[in-house]
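What's counted below: heavy atoms across the whole structure, side chains too, no hydrogens, waters or symmetry copies.
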Amino acid sequence: MATTSQPPIRLTGHKNFVHRLVFSTLTGRTIHISQIRPSSPTNPGLAPHEISFLRLLETVTNGSQMEISYTGTILVYKPGLITGGGSGGIIGSGTPSGVVRHEIPAGCTRGVSYFLIPLCLLAPFSKAPIKVIFTGPGVITSSTPTGDMSVDSVRTAILPLFNQFGIFNNIELRILRRSNPGPNGRGGGGEVQLVFGHQVRLPKTLHLMNAGRIKRVRGVAYSIGVSASNNARMIDVARGVLNPLVPDTYIFSDQSSAPLVPDRNNPTAKKKIGLGFGLSLVAESSTGCLFSADVASPPSGGQPPEDIGKACAYQLLETISKGGCVAPAAFSTMIGLMTMGSEDVGRIQVGRDIIGDESSIQLARDLVKFGAPGWGLRDADGNNGDVIISVVGRGIGNVGRKVA
């Protein structure tokens, strides 16, 4: 793990915050992040969702140390060992032993996928299985205006990608209570459970350079606290766009009641929150590549379900048209697992728009600071404009559990 002889890695800004913390934990390097929203007149420093992620990281690790400045604009993080959250549940909470119950505050504007995706990146390198229940008034299971994908897309488009690295046993993501963003896009009162029980010594080296052709589309239309007819209207419009292109299209309909959360103005009463509807679509190619799209009704309302269905279908087609073997939402997960894998060269084909995105470039710069070799880039065969990225694994692996 981190040694006293190594100076901390100095980073600036709040972008790629969670991935910087994840790579710091995996490599054991202390990081010093400064200039976190220093010019914001009302909310400088760390945001509530970033504080919540730090608490989650402290729970699933042992020995992590964090120092936050008085204004919240400077963070020093010294990582510990990824243990999975210990062996005991929370006393009096009804939580089974070994299960972490993480509560997200009401002011959170990010979807729960903001926490799930980096946690899934840490889970294969844990000493013990990771079992976390996300609860509280701030849990949003749908997609959000801030750009987070829905939990449905994490379950169907992110978790299956771990199969490519030999990680596929005892992985489950359950949506216990659905929710959309509440008033002003804050909170939803949902509940999600993640069970990640497959720990490995080192992920397998990946060679993924054939995107194949799209063979099926699956999806979930969900309504929370509103009429189930919204689902039928979204499905009808989305199938009207997709059926001429992919006949094997099936969209599941899920209708649930709105979650209840305590009313701030009346402590003895509860109010409904997180009402709305949305659509999640995932396209699978003949070689196992996955592309996803998410659209949910805005917190302010006023958008008919037909517009949601059409927007989601076109968003899926746009994601596929970017090319490559990986969707933009899964790029950081795939590259992270390839970098932490065995000391061999892995290759993956991505679209030119994805590699040229600001977050992808920042990810490459951050990985170099954590000691990873630079990426090798070359044009893919054919005239599709894709790029093949060659990644040399660092061989970090799982230092807590010696398994094959």
Counting only heavy atoms not in [X], do more than 12 sit closer than 6.0 Å to its [atom1] atom?
| X | atom1 | result |
| --- | --- | --- |
| R365 | CZ | no |
| N169 | CG | yes |
| R186 | CZ | no |

Below 4.0 angstrom, N of the basic side chain to O of the carboxylate: do [X] and [Y] qualify?
| X | Y | answer |
| --- | --- | --- |
| K322 | D357 | no |
| D248 | K215 | no |
| E103 | R101 | no |
| E50 | R37 | yes |
| E67 | K78 | no |
| R155 | D152 | yes |

Between [X] and [Y]: side-chain donor-acceptor atoms closer than 3.5 Å:
| X | Y | value |
| --- | --- | --- |
| D386 | Q349 | yes |
| S52 | H102 | yes |
| T287 | N210 | no |

Ring centres under 6.0 angstrom apart (F162, F196): yes
Step-by-step side chain to side chain donor-acceptor pair (under 3.5 Å) determination, S223 to N230: CA-CA 7 Å; S223 296; N230 293 302; 4.6 Å; no
Geometric class of the H198/F168 ring pair [parallel <30°, tilted 30-60°, perpendicular >60°]: perpendicular
